[in-house]
Structures are given as C-alpha cells and as structure tokens.
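See below for the structure under consideration.
Fair warning: this is a prediction, and the values are worked out from it, not measured in the lab.
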Amino acid sequence: MVSVYNDAYFLKTYKQKRRIFWFFMSITFAYLILSLACWIYYMGLPYGASQAKPMKWTVYIATVFYIVFAFPYLAIKWSRVRRYYRMLTYVSEGLKNEEKNYFYCFDEKSLQKDNIDVMACVFETWNKKKQEWREREAWFDPEMPLPEFDSGDYVQYIVQSNFVIQYHIITKKALEFEEVDEDYQESLESVKETEKLIEKTTEE
C-alpha cells in the first residue's frame, strides 16, 4: 500500500514546529532584555533627567510591536503547525480503520477538520440492507500529492480519525457510475460481478 506520510515527513514537521517555537522565544527574549535594560537605566537616572522620557517611549513602542507580532504569530502560524503536528502524532499512534469502496471524486470545496485544511475523497459503497448507494467521505491532506484515483476505481484504504493515511488501488475502473445513477438493480449486479472477479484474482 502507498503511505501518505512517512517518518521523514513527520521529522520535517517536528523540526518546523521547533523552529517556529524557538523563533518566537528569541523575539520574546530580546523584548525582555530590552525592557530590563531600559528599566535598569531608567532607575539609575537622577530625578527629572531628560533621558527618562526616551527610555519610557522605547519600552512603550517595543511593547506595542511585540504584542502586534505575538498575537497573530501564536494564533495563526504557531497554532496551525501545532495542530498539524498533533494530527500527525495521532496518525502515527492512533487506532486505524481499513475500508474498501469505489472512488467517486475529489471534493475541492473548502473544508476544515480540527482547524486543519482538508480535501474530501468521496467514495460510494453499496448498502445491501437498504438496497441503495451510500456516500462515504474520507479526508485527504491537500499538502500531499493526490492519489491517482479515477472515478470507478475499487480502492482499499486505511483511515485514522477519517484521514486517509494509506491506500491501494485494487481494480481500475471497476464500476461505471453513470449506470449506477440510472438503475440500482443493474449496479448491484455489476458490484457483485466485480467482487467475484476481485476474489478470483486474489485467489490466483
């Protein structure tokens, strides 16, 4: 099966997370050093000295710039990479589920799961009990290369928290969806024939 993520990508994301964190900490450290230096210099000035105002304004301006930098940086850049890294951790350690369905299409509408941008992989599966087709959506990371799925491919895939992390195309063009929309009974027979063909191929 093709793995969407590997150890190298996990390590790359981990290093990116650390790099963003330590960049923020370096800015914070520089701000604290500047503020402390200004405060020490201010406390050593005689009463009414002309240098007092520049020291105060230096701290005021540095504080404004730090706040303007810190809030968007933490709320957007750091928050997104932290959530993305947490998702990869779940992918590596969480419970996984394996499914086999017919691929229908990619849904490119803007979606988010846990504040992470995703793309929907739409699959179709036949519900034998209700005698109807059921749509099944699984999430795919748009930052990764999209699988070379064609409409009607019979796909085996593994999901973790509904993210596709591994996949394998069992049969190309196993089903024609135009026929499915016109006649459910004919589509059912087509599914059965396809499943028999797949089982026979697997046995051989």
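Within a 6.0 Å sphere centred on NZ of K77, heavy atoms belonging to other residues, nucleotides or ligands number 12 at most. Residue E98 qualifies as enclosed at atom CD: its count of foreign heavy atoms under 6.0 Å is above 12. Other residues, nucleotides and ligands contribute at most 12 non-hydrogen atoms within 6.0 Å of the CG atom of L95. Summarising the local packing, NZ of K172 is surrounded by more than 12 heavy atoms from other residues, nucleotides or ligands at distances under 6.0 Å.
Judged by distance alone, with hydrogens and angles left aside, the side-chain atoms of D141 form a donor-acceptor pair with the main-chain N or O of E143 at under 3.5 Å.
Considering every non-hydrogen atom in both F24 and A70, the closest pair reads CE1-CB, 3.8 Å. For the residue pair G152 and Y102, the shortest heavy atom distance occurs at O-CD2, 4.0 Å. The minimum heavy-atom distance linking A138 with V159 is given by the pair CB-CG1, 4.2 Å. Shown here for V59 and C38, the closest heavy-atom pair between the two residues is CG2-CB, 3.5 Å.
Rounded to the nearest 0.5 Å, atoms CG (N101) and CD (Q156) are 11.0 Å apart. Here M144 contributes atom CE and N6 contributes atom CG; the two are 7.0 Å apart, rounded to the nearest 0.5 Å. Atom OG1 in T89 sits 10.5 Å away from atom OH in Y14 (nearest 0.5 Å). To the nearest 0.5 Å, the span separating NE2 on H168 from CD1 on I170 amounts to 5.5 Å. L11 contributes atom CG, which lies 8.5 Å from atom CG of D7 (distance to the nearest 0.5 angstrom). Between the CD atom in Q160 and the CE atom in M87 there is a gap of 9.5 Å [rounded to 0.5 Å].
Ring pair W57/Y60 is perpendicular by interplanar angle, where above 60° counts as perpendicular and below 30° as parallel.
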Determine, step by step, whether F163 and Y90 satisfy the ring-ring contact (aromatic ring centres under 6.0 Å, His included) criterion, reporting the C-alpha distance in whole Å, the side-chain angles of both residues, the deciding distance to 0.1 Å, and the verdict. CA-CA 10 Å; F163 274 94; Y90 291 156; over 10 Å; no
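Under the 6.0 Å cut-off for aromatic ring centres, W78 and F21 qualify, their centroids lying closer than that. No close placement of the Y154 and F103 rings is indicated, their centers lying 6.0 Å or farther apart.
By the 4.5 Å heavy-atom criterion applied to side chains, R83 and R86 are counted as neighbours. Between T28 and Y66 the shortest side-chain heavy-atom distance falls below 4.5 Å. Within the 4.5 Å cutoff, no side-chain heavy atoms of E124 are placed close to those of R134. When side chains are defined from C-beta on, L146 counts as touching M119, because their heavy atoms get closer than 4.5 Å. Side-chain contact between V4 and Y9 is absent, with no heavy-atom pair separated by less than 4.5 Å.
Neither I67 nor Y73 shares a network with the other; the hydrophobic side chains, linked directly or stepwise wherever heavy atoms of I, L, V, M, F, W or Y lie under 4.5 Å apart, form separate groups for each. Both F106 and I169 belong to a common hydrophobic cluster when Ile, Leu, Val, Met, Phe, Trp and Tyr are linked at side-chain heavy-atom distances under 4.5 angstrom. Y85 and W22 fall into different hydrophobic clusters, where Ile, Leu, Val, Met, Phe, Trp and Tyr residues are linked whenever their side-chain heavy atoms come under 4.5 Å apart, directly or through other members. No continuous path of hydrophobic side-chain contacts links F29 to M25 [ILVMFWY only; heavy atoms under 4.5 Å]. With hydrophobic clusters built from ILVMFWY side chains whose heavy atoms lie under 4.5 angstrom apart, L32 shares a cluster with L74.
With no hydrogens or angles considered, a side-chain donor-acceptor pair links Y31 and T63 at under 3.5 Å.
The one candidate from F123, Y5, Y157, F149 that meets the ring-ring contact (aromatic ring centres under 6.0 Å, His included) condition with Y167 is F149.
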